[in-house]
Every structure is written in structure tokens, then in C-alpha cells.
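Convention: sequence-line order gives letters A, B, ...; per-chain numbering from 1.
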Amino acid sequence: MPYDFGTIESKWLQRWEKDKIFQPTETGKKYLLTVPYPYANGALHIGHGRTYTIGDIMARYLRMKGYNVLYPMGFHISGTPILGFAKKIEKGDRGTIELYKSYLELYGDNPDLIKEFSKPENIANYFANKIISDFSNMGFSIDWSRVFNTGEPIYNKFIEWQFRKLFSMGLIKQGDYPILYSIVEGNPVGEDDIADGDVDKVSILEFVTVLFKFGDKYLGASTLRPETLEGVTNLFVNPDRKYVIIELQGKKVVVSKGAAEKLQYQGEIKILEEIDAKELIGKEAAEPLHGRSIPIFGAKFVDTDNATGIVYSVPAHSIQDFLALKDLGIEINPIQVIGGINENVEEVIRKFKISSIDETEKIDEATKYLYEMEFYHGIINKGKYAGKWIRDIKEEIKNDYIREGIAFIFYETSRKAVTRDGDKVIVAIIKNQWFLDYSNVQWKEKVRKLLEKMELKPESLRNQFMQVVDWIRERPCARKRGLGTRLPMDRNWVIESLSDSTIYPALYTIIRELREMDFDEIDDEIFDYIFFGNGELKGKSDRTVELSKKARKEFEFWYPVDWRHTGYPHISNHLTFYLFNHVAIFPENYWPKGISTGGIVLSEGQKMAKSKGNVVPLLTVKRKYGADLFRLYFATNADVWYDVDWRSSEVNMMQKKLEKFYEYLTNATNYKDEPEERDLWIIGKFNERLKRADDAFKEMRIREAAVELFYNMLNDVQELESIAGRDRTMRAIRKFGKEWALSLSPIIPFISEEVNEIYGGSSYASLSPYPNYNDNYKSILEDWEYVEDLLEDFKNITKIYPNKPNKMKIYLAEDWKKEVLLEFNKLGLKDFMKSATPEQREFILSVIKRKDAKNLRINVDELKVLEMYKEDLENYLKIKIEIMKTAKDEKSKKALPGKPAIILE
RNA sequence: GCGGAGGUUGCCGAGCCUGGCCAAAGGCGGCAGACUCAAGAUCUGCUCCCACAGGGGUUCGCCGGUUCAAAUCCGGCCCUCCGCACCA
């Protein structure tokens, strides 16, 4: 029977669906296992597939172990990406249209459907449906009756309830916040709105603009390194550019024209008049710390489109400044303000072999090097902060300068950026931005308490989470645009996409009841009742009360989440928020019980990226190889927590093995005769491997389980076949084939179902109990392992035997040796030596010198075993075998109990 | 700098927790053989060095230590990657 995965997989999919076997009811030992829902903006790739595969393998394993497993999922559509794509499609953006047409083609749909995608909800719905079918096809044992997406009204109500709750607990705050912004659009812009925003990220830099007194005005010079202010020697302005005087906090400040424009979006300023750079150059200004007068030079390298367009120069700690002064031929003595480091600017310049101020790449590299060295190892050695580590004091210095009124913050983009329409991107300050206050001390304490007792895999997660909890602070939780739920406290805001996805696993448990309710009746009271058992539900319809009671029962049954699995990039964001929000909203008995993180998927050795063109869609893989093979690949290729490389050459190799496995199992049922006694060791092997795999599964060491049950077991069977031949092998397989298939059911569920059926197994393999270890075959296995040792020895000897041997004489050890060994094992070295004869002593000493001494199979009835396998061995090795009881010459005297001497002739 | 993960025989990658059948799984690559007109595919064997009898030698980033015994445990050091950091 050839392995036709297409037919097999669709057959079982239909049956599973028809019998709804993955829709559990509230009975038995529950287990709620979740994986974060995917973002439904495109076809999923094998990376998503891996995460869900791991979840599914555990779900299936636990189900077979007797747990009532609920493995639900939903879809994420919050945020800007889907909205952005829809807009771009509407505008006719060619790249986006091509991308989405390629998705439509991938799914075999008419590319003209692209028109529909100008509506975001159509994109979301289209892909949600495709993902459901993709994931079903992968064999994921998901309960599809509980699906929802984050844009639905019910979800919105749930999130509104959550946010009102958080607000009432004082965990939501408001404040000013800098954000990337387009002046032309009059709107904040996200990564997706910025040209090349995905490949070259834009972040927000916080410059400190220091005020240098200049007559009745000030020059605003911007820096990222306020800690070097003590070392300032001069100012630079660009002689060719326009500057203006603005009024800021009652002071007249000179900044570049461009800077003034940006500053209008960052605070209250007034633009007074233009001022020519020539009016500044050659004059002096006073630095604010000591009133020291320093010269103002003109320099064309000063970029007036970066920060304020005026920079202060610290040649002792800036490569750029040092080179600039040298370039201008100005001699100024650098002022060292940082100690504790071994290299100064000049040495770094030499180290990086910089010869000119135009070598910007080298300069950037050297600057980074110098900065990191000074930041991590440097100590201030001048001024009032002398003696402090820079890494400790930098923040304080900045705050002090601002408080003293000698500096203000200027936000700037980390690179020059424009929107996809070509409009300039700047940083604007948003007033009254809403934050989730993750800096709240009591809140953090609760999370730490949870972390202490949670199950985490790998264990190192605990420390990582603790770190994140330590440094996490306020997080903006709402935006002005995007899909999602409106903030209940202020409907102009939409709750941001990571903030609306924290406690939603709770919704899986009750979504079915909510859907049956009269939508208008769903309010906070209902949620309070379902989740906390609070309230009487007075004034609600009987039906809604009834459904609420049912939902309450469901929630109480399924919650908390027993396990959550996802990729490690989520540790410092989603998973942390997941913990924070759970401890805030729910009582302790509903806090999450376990989390694991998995590695990412590489494609042919590289990170998957659209730009590299190596993204492998899940659907393609399913069509080409089938779900079982995909699952098996990820199960065997790396442990859950490590990255995995998807390599087509290895997939092909595995495909052949899987075909072989399937062929063995299905054909074996045609062999009706009982297996031979001497071949039963294979069942012993299987049981041994089963036990190891079972232990591994329990610890989520999926790879180990898969390797034992699939690879190693397949090798054992092939070994049996090469010795015993096809017929006997198949008869032996028939005896344990069903258990073998069942044991692998969590990993390759379709083949397991098929084999289970062929073997006349009852019900579904997916719902069968996991096979139990059976030790009936232990002794025959040990006999066989004795033979394996013999084969190993034979192979070793033939390697160095000069001719082709015709005959193998096997000499067993004299009986007394075994007795002596047993005696020795009983007494131990000390006592044995007391009573032993010189000959016995010599023998024992020679044995313990051997490194394999402990592994002698002294309990095997060697003669019986050798007689049993003699014929097989003769055929296999193509050699005559003689078994001799007594040793005569030197070589044969080396025979030990469990390790006979071999003489080739 | 903090936190994490690593450094294994040509490459990828197991083993390390629970020290000893570990010269170290598996795959790739390479070599030889079978099959074939040939190539490919497939199968078999070999693939650290030495050795015409199951042996010996040198290996698991580096240096020490513990132990009868260390890839595995302990201490120190070097290097790589990832996350974080008003980082450029």
C-alpha cells in the first residue's frame, strides 16, 4: 500500500470533523492549552505552523494520557497593518496588490477578489477562514466552535470590560508621549506607513538641547551625550543654513529653521524672527555650567535637519568633533571629562584607521565603540558628578539640567524618514496618551509571586521574566488609529494590539454562550457574573441569565490556562502582559499555570524574510509533503526551545523514512502467522523506547520522544529485517504495530489513524489511551543485545583480519569465571580478595581493568542464545559458525562470561 | 553592562541535567562497492590517527580542579549569537 498522504489525510479530517472529536465537554480532568492567536493579514508560514504543531502534539499527547484537553484558537486583527494594507490596495499600491494577488493565487482563488481587500474586514475574514482550513489540514486538534476575532463586537465588549476594570483599579494613566508623526497627514504613523519602515526601523531619539547664553538669547545645541557637557570647547553652526529665534519657556532660543518647525509639534513655542548664521560665527557664547566663554565656528557638516542644527563640540569624547576641529585647522585643547578608560579619542581614531572626516562609516563604527566603552566603563572626573559611573548617572544629569532650566528635550527620528507617500516623518508629542502602568509596584509584586510558582519550560524563562518585570514601565495602550476596541474612557482612542490580547483565553471558555445571548444584554454585569460570580443579573432576560450561569460553569471548569506556548520573541512583550493582566483581573486560582517558549524557524539556514524570498507558506508544505511529514520534521529536528532549520533536502530524506514506516506497518497485517520467538526482541525494544518516549513527552521533550519512537525504532526494525528477512520481520511487526502507531499519534495523527484502523483498533487513534509499557519481552531483548555485542565484536575483528574469513569459532568462557564474577559482584572487591585464590584474583583484576566490565551480560544463557541465533547469524554474516564450549589456546582463553572469544578462520 | 543561549570530530547537529558500554547518535558532504549502456535515484560499507585478532593513541573553545574515571561536575578565562538599555 503506497503512502498517499492526500487521501489519508482528507479521509480522517472528514471523520474528525463529522464526529466533532476535538470539542470537549466539561468532564474529567481538564487541560486548557493555548497558543497565541495569529494575525490574520496573510497566508501563514511554517514558523506559525511549528508553534501550533508543538501545541498540538502536547494537546494530543495529554488527551491520550486521559486529560480532557481544550485547544482553542482565534484571530487577531487589531492594529494598523490590516488597515494599512486595505488602504494601500484601495490606493492601488502595486507591491501590495501583487502580494495579495499572490496569496489569492496560492489559495486558488480568483485574483480579481483583490478588489474586496480594500475593506479591512474582508482581508481579516478571508485569511481567518483560510487559516482555519490550513490549520485543520495540519491535523491540529483545535476546537473550532470557539473561534472569534478581535474585531467583533463581542470581543470589543469583553475588552471594554477589562479596561474599565483596569482603570477602576488605577492601573491606567495618562501623560505626554512622543510618537512618529506625519505633518502632512496630521496623524501618527506606524512602521507600515513609513517607506522601508519594515527593513530599516525608525525609532525615536531623545536629544538633550543645552542652552548656551548668547547676549539676550540662547543657542540651543543638541546632544545625545549630556554627560560630556563639562568638556565643551566650542559650538558649531552651519554657515549656509537658516536659523530662527524662537520663544520657548520664556527664553529666546536660536535653533535651525527645520528644528523650529518640528518643535511646534513638541510643545508650546513661538517663532520670532530669522537670524543668519553669519551673525553667530566668530562670536562667543557662554556654557551654562560655569559661564565659560567658548567660540562659535561654522562647519558645513552640521546637519540642520537633525535636532536643532547647532551642536556643541567635545573633542575629548567625540571622534567627529575631534576630526572637525583638526579639519578646520583650529587648535583647541580637548577637555577630558571621563576617566576609567584606557583609550582616548586619538587612539580610537588610529585603531579604526580613520584618516579623514569624510569616512563616515568608519567614524560611525568608531563612535559606537567609543561610546559603549565610555558608557559602560567610564567615570565622570570633572564637575559635580565626578566619581560617578556614566551608566548610573547619565539619566540623572539629563534630568538635573532640565530642572535647572539649562536644557530641554528635543525628540528626533533615528534616521531621515518619509511616509510611503513621501511626506516627512517627524516626532510629535501626543498629549494625554493613555498608558498601562506596568511600573506599579504592587502590580509587579503580584507578577513576581506568580512567576515564583509557575511551571516554565525551559526553566531559564523564570529569570528572564523576572528581569522584564524589573524594568518594564508604562506602556502606551491606545492609539489614534487602527482596528480594535475603542477605549471606554475616551472613544477617540483605539486600544493597541498587544494590550487587547492578554486575558482573552478566558473568552474561549464562554464565547459560545455569549453568542447565544441577546447582544444588547451583554454588559459589564454579565462579565462580572461569569468571571467572578458577582451580582444577581436583575433585569436580564431569563435566557441571558440561564446562558450566563452556563458560561460561569464553563469558565470555572476550564480556567485557568494550564499551558501557553509561543515563540521566545514574545517573552518581553506579549507573555509579560499576559501575566500582568491576569494577576490584575483574576483571583489567584485563575492565574496561568505554565508557559513554554519555542525557537524560531529558519529556512535553508536563514531567517525567513520577505526581502530574502525564503518565506515558506504553510499551505505549500502541506500540499507537497502532507501534514504528518511536516509535523514529524519539526518534532524530530530540534528541541522545542531551539531554532529549527527547514531544509528541503532533509525533508525529502525524512519523507522516504516515513514512507518506509507506513509500508512496514500497513503490510504487516497481511502476515498472519505468529512471529518466531527469536524475533520478539523487537517488541522488547519497542517497549523500552516507548517508556523513554513517554517520559520525554511528559517533560515536553518532543524531539527525544519522536527520535526514539520513529528514527530509532525504524532502525531497529531494519536491523531485524536484515537478519531475519522480510517474512519474519513483518510477522513480528504485526504484534506491536498498532501500539507503535498509537505511540506516534500525537506527532503523525493521520498515519496513526489509518494504521489503527487497519489493525482493527477501536474508535479513533486520537482518542485512544496512550500505549503502556510492557516488560514481558525484557529477557529476550537482553538475549538479543548479547548477540548485538557479538556482532559488534565480529565487525571489529574483520576490519583488521587480513583475508575473507570462512568460519567463525565462538568460544564461551569456562564456567568458573562466571561463578567467580558473581561472587565478586556479591562481595565487593575488598572481601572478595580476602577469600580468592591467586588465579581468581588475577582474573578479576583483569576484568575490572576493562572499561566494559560493568556491561558484561553475565546472566545470559549464552549457549542457548547462540544456538537460537546461529542460523540467522550464519546467513547474515555469510560465514560458518561453530560454538565451542571449552577454550584451549591463548586467544580463546580471553573469553569472558557474556563476552565470548571469537576466532576467525 | 544586565539577562539568556551557545562554542562537539569537514559542515549541520545530538550527547552535558542523571560522570563510566562516548572516538561520541542522526543528517549532509566525501570515498568504495552493488544496480545501470551511462547518469540520476536507490541500497551496502567506510569516513580522527596508528595497528594483518576484538588493541593503542589523540580529541569535544582555553586553563586549572574534583574523581578510580570528565565532552559531561566545579572554578577561572576567551569567543559567538539573542533580548534589554534615552543605544548611534
Side-chain angles (χ1 to χ4, degrees), chain A residues 178 203-208 223-226 319-320 363-373 375-378 389-392 394-395 398-399 409-412 414-415 458-468 470-472 568-573 597 599-600 602 604-605 607 636-639 641-645 647 649-654 656-657 699 701 703-704 707-708 710-712 714-715 718 722 785 788-790 792-803 805 829 848-857 890-892 894-895 899-905:
Chain A
S203 52
I204 295 173
L205 295 184
E206 205 183 53
F207 281 86
V208 176
T223 181
L224 290 162
R225 302 190 56 191
I319 312 264
Q320 172 95 18
I363 291 175
D364 288 348
E365 213 182 308
T367 298
K368 189 176 157 72
Y369 172 81
L370 180 72
Y371 175 79
E372 291 194 348
M373 187 167 61
F375 182 76
Y376 293 127
H377 307 288
W389 290 93
I390 295 198
R391 58 170 186 267
D392 296 336
K394 181 165 180 157
E395 182 75 12
K398 179 194 83 182
N399 291 334
I409 297 295
F410 186 106
Y411 293 103
E412 184 57 280
S414 59
R415 68 169 172 92
E459 179 57 35
S460 59
L461 276 181
R462 202 176 309 277
N463 208 347
Q464 294 199 59
F465 274 125
M466 288 292 191
Q467 291 283 328
V468 178
D470 281 349
W471 68 49
I472 195 168
Y568 62 68
H570 290 146
I571 294 170
S572 56
N573 44 60
T597 54
I600 58 173
L602 309 172
E604 306 294 340
K607 228 174 184 168
T636 55
N637 259 272
D639 261 319
W641 11 96
Y642 295 117
D643 295 351
V644 186
D645 196 1
R647 295 185 191 207
S649 64
E650 293 199 18
V651 182
N652 290 327
M653 190 63 60
M654 185 170 286
K656 283 167 201 150
K657 298 226 181 212
E699 308 257 301
R701 297 196 315 269
R703 176 180 188 278
E704 193 178 328
V707 167
E708 282 292 343
F710 185 74
Y711 272 118
N712 293 349
L714 205 54
N715 284 342
Q718 286 180 10
S722 66
E785 281 165 349
E788 276 186 329
D789 289 351
L790 183 75
E792 183 68 28
D793 283 346
F794 173 81
K795 213 161 88 182
N796 278 333
I797 301 168
T798 45
K799 258 191 238 171
I800 40 177
Y801 187 70
N803 316 310
L829 183 65
I848 36 189
K849 259 194 285 180
R850 301 180 61 96
K851 42 185 182 174
D852 57 357
K854 272 197 185 144
N855 308 303
L856 291 175
R857 302 180 194 281
E890 272 310 304
K891 266 177 208 155
S892 49
K894 281 160 79 177
K899 190 172 173 70
I902 298 169
I903 308 288
L904 298 184
E905 286 177 1

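- Shown here, B/rC52 forms no base pair; nothing in the strands shown gives a Watson-Crick or G-U wobble contact with both key distances under 3.5 Å.
- Out of B/rA88, B/rC2, B/rC82, the shortest distance to the side chain of A/Trp471 is found at B/rC2.
- In terms of phosphate contacts, A/Asn463 brings a side-chain nitrogen or oxygen within less than 4.0 Å of OP1 or OP2 of B/rG4.
- With both pairing distances under 3.5 Å, B/rG45 is matched to B/rC31 as a Watson-Crick or G-U wobble pair.
- Side-chain contact, A/Tyr568 with A/Asp643: a donor N or O sits under 3.5 Å from an acceptor N or O.
- Across all strands shown, B/rG1 pairs with B/rC84; the Watson-Crick or G-U wobble distances both stay below 3.5 Å.
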Can you tabulate the close N/O pairs, meaning under 3.5 Å, that link protein atoms to atoms of nucleotides 40-43 of chain B?
residue : atom : partner  : partner atom : Å
B/rU42  : OP1  : A/Lys656 : NZ           : 2.3

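- Side-chain nitrogen and oxygen atoms of A/Ser460 include none within less than 4.0 Å of the OP1 or OP2 phosphate oxygen of B/rG3.
- Residues satisfying the salt bridge (Lys or Arg N to Asp or Glu O under 4.0 Å) test with A/Lys394, not counting sequence neighbours, are A/Glu227.
- Across B/rG15 and B/rC84, the matching C1' atoms stand 32 Å from one another, rounded to whole Å.
- Distance check on atom C1': B/rA70 versus B/rG20 gives 10 Å, rounded to whole Å.
- Phosphate proximity of B/rC87 to A/Lys394: present, with a side-chain N or O under 4.0 Å from OP1 or OP2.
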Original post:
Reading nucleotides 6-15 of chain B from the 5' end, what letters show protein touch, with B for base, S for backbone sugar-phosphate only, - for no heavy atom under 4.0 Å?
Top reply: S-----S-S-
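- Taking atom C1' in both B/rC21 and B/rA39, one finds a spacing of 44 Å when rounded to whole Å.
- Pairing for B/rU18 is absent, with no Watson-Crick or G-U wobble pair whose two atom distances lie under 3.5 Å.
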